[in-house]
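The block underneath contains the structure these notes are about, expressed in structure tokens.
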Amino acid sequence: MTVTRFCPSPTGLVHVGAMRTALFNWAHARHTGGTFVFRIEDTDAARDSEESYRHLLDCMRWLGLDWDEGPEVGGPHGPYRQSERHEVYREVAAKLVAAGHVYESFSTNEEVEARRRAAGQDPKLGYDNADRSLTDAQKAAFRAEGREPVLRLRMPDTDLVWADLIRGEVRFAAGSVPDFVLLRGNGVPLYPFTNPVDDALMGVTDVLRGEDLLPSTPRQLALYQALTDVGVAQGTPRFGHLPLVFGEGNKKLSKRDPQSNFDVYRERGFLPEGLVNYLALLGWAIADDRDVFSPAEMVEAFDVTRVSANPARFDLKKAEAINATHVRALPVDDYVARVVPFLARAGLVADPPTPGQDRVLRAIAPMAQERTVVLSDAVGLLGFLFTEDVEVDPAAAAKNLRPEDGEVLDAAAAALRDLEEWTTPRIEQALKEALVEGLGRKPRQAFGPVRVALSGRTVSPPLYESIELLGRDRTVRRLENARETHTRG
RNA sequence: GCCCCCAUCGUCUAGCGGUCCAGGACGCCGCCCUUUCAAGGCGGUAGCACGGGUUCGAACCCCGUUGGGGGCACCA
């Protein structure tokens, strides 16, 4: 039975890289029929917020990553917020102290640095294990000075090695990692301690995390040895270090980078399944000749050991292309349902739409769908169908509503004003007769002005269908308005 | 500086010693379709970082070089 977990800390914005990590852990658990644990690592009171916590849950649910154990779901190993687990850490720490795996350390950073320099070493080497064998008298003396000791784990003097699920064997030489702090002087537990303790207690078997955490793995290994020794853990989990997600440059996508904000993809109208698909591609491939798939297909095929070890750049263009194919694949009803919130937010339709709006939406949907990359595109694409008048884009007017285009608007209005049968085929026939045959214009020169006058843009859904949906009144009025305001010089 | 990771088209990748003068996708460029834009169809552009080995044979294995990245907190 495999148990994976996702354990973000609720600080600020949700990062796409974090959601990629969540996705892979989820997919691995689902593929293997295992358990997916969701845990909140809010041990940093200064940076964590309740709002961020709620938002994290919302993002997970929106993406479709359901958890078997975790907040609001419960489970046998709760609570699942570290801020509620301080007692657990205190107890485990006591066991480690009793077994001699950890010791009190009084050195300040300044003292460590001074000692390193005095020895002619780089201060970057960090703590020098100097407090490993302090006598009781020495400890008492430090306390007398008012110092509060931190608790450090005594690192083993052997190489620390593991078989990474993605990278194969990784080895850190004995002595290359200094004893690290488990608990602060004030007794507050730190991430390098709480993370493995909770993983152990929650029975996590497979740890999939970002490569940025790889250098801390030897410490986790050492802690696991100690935890196993005192009976808190029953062995060490497998580790798999996922490739980093890069941004535009050759750098890890940072929280500062706007592209890293998961919300912007939701707000622009990426489909959850489209984003899952693209995120999955960041380090994984379903087949050599295919890269569009559903979450279910991903679960079916996902194999962690096939995840690539090299960093992946987040490519917005590709993400959009993948999303667009998911949009196109939507059943029409589904497309309408998903696009309504965006149109409603823009004030174009009611939510739910009125019967009239619904009729227009369903009619235009198939044509809008293949022109939609992200759902918010529908606002610009369909807006003209849901307003009384159009606001004509000045650039579009400059291009297609010049003085010499006035005749087209006149002819179009005349042809449509008294058209007896207001249907797409009849509209097409009437316009072709009036503009192409009548005025002798090339189709491009004939329909361009009409399109801009009606939709306000040079790009729109197919014209005749749009005209039918617009109705006679609005169509004729817009043609006349455009004639007045744009082609009279 | 020290430790570690990585190295196939611009980008994401397939490739797990011969079937690869390297396949797919995005992007880009043509053409077709066409009332615009899309979609769709067809075609094209472009890559195994370098040097040594191992082997009958290397994109695939080993070593080195170079390059890129990550980490070095009483943050997570």
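Just so you know, these numbers come straight off a predicted model, no measurement behind them. Only this structure's heavy atoms are used, side chains among them; waters, hydrogens and symmetry mates stay out.
- The separation between A/Asp159 atom CG and B/C3 atom P is 13 Å, rounded to whole Å.
- At the heavy-atom level, A/Asn400 lies nowhere under 4.0 Å from the strands shown.
- Rounded to a whole Å, the CG atom of A/Leu214 is 15 Å from the P atom of B/C3.
- Within the nucleic acid shown, A/Thr43 comes within 4.0 Å of sugar-phosphate atoms alone, with no base atom in reach, counting heavy atoms only.
- Here B/C5 presents its C1' atom at 10 Å from NE2 of A/His241, a figure rounded to the nearest Å.
- A cation-pi arrangement is not found for A/Arg444 relative to A/Phe447, the charged atom failing to lie both closer than 6.0 Å to the ring centre and inside a 45° cone about the ring normal.
- Using atom C1' as the reference point in both B/U45 and B/G30, the two lie 10 Å apart (nearest Å).
- One donor-acceptor pair, N or O on each side, does fall under 3.5 Å between the base of B/C37 and the side chain of A/Arg371.
- Between the CD1 atom of A/Ile166 and the C1' atom of B/C16 there is a distance of 16 Å, rounded to whole Å.
- For the pair A/Ile322 CD1 and B/A39 P, the computed distance is 13 Å after rounding to whole Å.
- Note on A/Arg328: only backbone sugar-phosphate atoms sit closer than 4.0 angstrom, heavy atoms only; bases stay farther off.
- Under the Watson-Crick or G-U wobble criterion, with both distances below 3.5 Å, B/C42 is paired with B/G30.
- Under a 4.0 Å N-O distance rule, the pair A/Arg457/A/Glu391 does not qualify as a salt bridge.
- Classification of the A/His28-A/Phe302 ring pair by plane angle, with boundaries at 30° and 60°, yields perpendicular.
- Cation-pi contact between A/Arg39 and A/Phe6: absent, since separation from the ring centre below 6.0 Å together with deviation from the ring axis within 45° is not met.
- If you take CZ on A/Arg474 and OG1 on A/Thr387, they are separated by 6.5 Å, rounding to the nearest 0.5 Å.
- B/U66: Watson-Crick or G-U partner is B/A7, with both key distances under 3.5 Å.
- Put simply, CZ on A/Phe142 is 16 Å from C1' on B/C74, counting in whole angstrom units.
- To the nearest angstrom, C1' of B/A38 lies 13 Å from CD of A/Gln369.
- Distance A/Asp288 CG to B/U8 C1': 15 Å, rounded to the nearest Å.
- For A/Lys317, no side-chain nitrogen or oxygen approaches OP1 or OP2 of B/U11 to under 4.0 Å.
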